[in-house]
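Have a look at the structure below before the remarks.
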Amino acid sequence: MKQRTISSPATLPAIGDHNGTRLERLGERDKEDRLAAGWKWCEEHEVMVPPGWMRDPDYVAPPEAPLNMCEGQRLGLTFKPPSG
């Protein structure tokens, strides 16, 4: 494997993009083998699910974000201002 040297901090995003692309290609390459081994493809979250895994039967989806804070107050949601 060829080792890269970082010449400047500006090259870090390019290296990250390159590694992300390589991981995506590796995942696509292994997808067919995993499907044959019993894995399932989750369309909702776009991920591979291992054999035997299932959604919690008591799962409750999180509520949608309110349109504005007035709507949030009506629904009883609280607002935390950003720290910093």
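This structure is a prediction, so every number in the text was calculated from the model and none was measured.
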| Which pair of heavy atoms, one from Pro51 and one from Ala37, lies closest together, and at what distance? | CG-O, 4.0 Å
| field | Pairs involving residues 28-51, ordered by first then second residue, that meet salt bridge (Lys or Arg N to Asp or Glu O under 4.0 Å) (sequence neighbours left out) | value | Glu44-Arg55
| Given the rule that I, L, V, M, F, W and Y join up when any side-chain heavy atoms are under 4.5 Å apart, are Val49 and Trp41 in one cluster? | no
| request: Evaluate the side-chain proximity of Arg22 to Leu26: yes if any heavy-atom separation is below 4.5 Å, no if none is. | output: no
| remark: Residues passing the side-chain contact (heavy atoms from CB on, under 4.5 Å) test with Asp58, sequence neighbours excluded, are Asp56
